[in-house]
Amino acid sequence: METREKLKKMLTEWSEFDPPELYRRDFNYSLLESGEVLSIIGARRAGKTYLCYQIINELKKKYPPENIAYINMEDERLHPINGDELTLLLEVYEELFSVDRSKKFFLVIDEIQNVNNWSKWARRITEQNKNLKLIITGSSSKLLSSEIATELRGRTTSFAVYPLSFAEYLGAVNFKTENKNILYSNERVIIKKQFNNYLKAGGFPATLRGGEPKEILKEYFRVMFYRDLIERYKIKNIRLFEDYLTLLIDQIASSFSISSTANKLMTFGYSFSKNTLSNFSKYAEDAFLVFEVRKYSHKLKEQLRAPKKIYAIDHGLVQAVRFSFSEDYGRLLENIVFTALKRRGVGIFYHQGKKECDFLVSEGGRVSQAIQVTKSMANAETKKREVDGLFEAMEFHKLKEGLILTEDENDKIKIGKSSIEILPIWYWLIN
């Protein structure tokens, strides 16, 4: 079957398809107003396709259905297809449907990395059609967000999809509340129970659909490891990379140094350069598996030299492949706070002076917030450590307010003209 007929068949199928909404995701709909290509990126199985469906359903409330088209380039019936054949896509669509040219036309292309020369086509088609909004997704095994930006030469805006936030998780399990005093209401017990479930299973949508979450997540990790890392980067020493990732994930929410990790690996009998390990870390971050947080400093050299703190894409994934829920509750809480900040798109650093503070939030070139995370403040020594570290960071960055997130405590501490608020992490996450 020739390409034109293939496209006709698939576009007709699309027009008869009612996109499902699995779980409601937070999305910045203002991104649809610009003329730039919208690139939806993120971890494997985090829900990029279902976010596309959600966007389409929202667009249908404002635009004629004929002005919204979707096609998935993963469909085997389209193979092989090249960028020049993509030119037929809009032509065939307008043959089949009555597009209102006075309004914006939205074209959603899922898994665009399967098309050769797609970027040249995307640049040309958006330049020639000012009323066209192109929305694309790409698989991290073949197309990184940085590569999308490079290929489109600055003509794109990216939106990253992460596993479900706790607020999205509550929506997915149909829990709704408008209680402004939830810290003191009976609903508090229900939300805490849901948070406990979220803490154990993580936020990948498939863990809510039945089955054993740990087994699902182990399989996700295996596919990420082999397809997004080993195959993509043609890594020869698989065992070295596997052991390095193991040590990396073991350091979640902790300081991590390539030099000290290299020394550990050398005791296992490996021979390698530190540059190899540095590349391994970059690959893992590009695949949305783990992330590095730098020490805050005005000097870039100091940022680069200081140990990094490591966080994972999902706290459930960490438990599935490395340690259990009971092993280090506090580190899992800290990872959840990291991913919540990551979703906000802010700069994230840690503070290290005489004391340490877990997170510094940077917005508009300045530190706007300092946050500590701990399981409990009940122990006097723990309380002193957390408060002293936070207050040092607040003083250094001239902040009048600080925040400590715990499992379930609610309090306020005054220190001179400054104040520190202590909140349950579950409450902070839904507010």
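Source: prediction; values computed, not measured.
The two residues Ala306 and Tyr350 come nearest to each other via the heavy atoms CB-OH, 4.2 Å. The two residues Tyr169 and Leu164 make their nearest non-hydrogen contact at N-CB, 4.3 Å. A pairwise comparison of heavy atoms in Leu90 and Phe105 identifies CD2-CE2, 3.5 Å as the closest pair. Counting all heavy atoms, side chain and backbone alike, Phe256 lies closest to Gln251 at CD1-CG, 3.7 Å.
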Starting from the C-alpha separation in whole Å, work towards a yes-or-no answer on ring pair (Phe, Tyr, Trp, His ring centres under 6.0 Å) for Tyr427 and Phe195.
CA-CA 10 Å; Tyr427 178 79; Phe195 180 69; over 10 Å; no

Verdict with reasoning, Met224 to Leu229, per side chain to side chain contact (heavy atoms under 4.5 Å, CB included):
CA-CA 7 Å; Met224 284 180 183; Leu229 296 169; 5.5 Å; no

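With sequence neighbours excluded, the residues that form a salt bridge (Lys or Arg N to Asp or Glu O under 4.0 Å) with Glu302 are Lys295. Every residue two or more places apart in sequence or in another chain that forms a salt bridge (Lys or Arg N to Asp or Glu O under 4.0 Å) with Glu215 is listed here: Lys218.
Salt bridge Glu219/Arg222: present, at least one basic N to carboxylate O contact under 4.0 Å. Under 4.0 Å is where a charged nitrogen must lie from a carboxylate oxygen, and between Lys309 and Glu334 at least one such pair does. Classification of Arg232 and Asp228 as a salt-bridged pair fails, no side-chain N sitting under 4.0 Å from a carboxylate O. Here Glu13 pairs with Lys9 in a salt bridge; the nearest charged N to carboxylate O distance falls below 4.0 Å. The existence of a salt bridge linking Asp408 and Lys192 is confirmed by a sub-4.0 Å separation between a basic side-chain nitrogen and an acidic carboxylate oxygen. For the pair Glu58 and Arg24, the salt-bridge criterion is met [side-chain N within less than 4.0 Å of a carboxylate O]. Using a cut-off of 4.0 Å between Lys/Arg side-chain N and Asp/Glu carboxylate O, Glu36 and Arg155 are scored as not salt-bridged.
A distance-only check finds no donor-acceptor pair linking the side chain of Ser362 to the backbone of Ile348 [under 3.5 Å].
In this structure, Phe159 has its ring center closer than 6.0 angstrom to the ring center of Phe27. Between Tyr233 and Tyr283, the ring centre distance stays below 6.0 Å. In summary, the aromatic rings of Tyr220 and Phe204 are positioned with their centroids under 6.0 Å apart.
Environment of CZ in Arg45: sparse, with no more than 12 heavy atoms of neighbouring residues, nucleotides or ligands closer than 6.0 Å. Counted within 6.0 Å of NZ on Lys60, heavy atoms from surrounding residues, nucleotides or ligands total more than 12; the atom is thus considered enclosed. Annotation for Glu285: atom CD counts as buried by contact number, over 12 foreign heavy atoms lying within 6.0 Å. Within a 6.0 Å sphere centred on OH of Tyr184, heavy atoms belonging to other residues, nucleotides or ligands number 12 at most. Shown here is Arg344, whose CZ atom has more than 12 heavy atoms of other residues, nucleotides or ligands within 6.0 Å.
For the 3.5 Å distance criterion, the side chains of Ser281 and Tyr244 qualify, holding a donor opposite an acceptor. Side chain to side chain, Asn28 and Ser30 meet the donor-acceptor criterion of an N or O pair below 3.5 Å.
To the nearest 0.5 Å, atom CG of residue Asp250 and atom CZ of residue Arg331 are 7.0 Å apart. To the nearest 0.5 Å, atoms CG (Leu132) and NZ (Lys104) are separated by 9.0 Å.
Taking the side chain as every heavy atom from C-beta outward, Leu32 and Tyr63 never approach each other to under 4.5 Å.
Between Phe396 and His351, the ring planes are tilted. Angles from 30° to 60° get that label.
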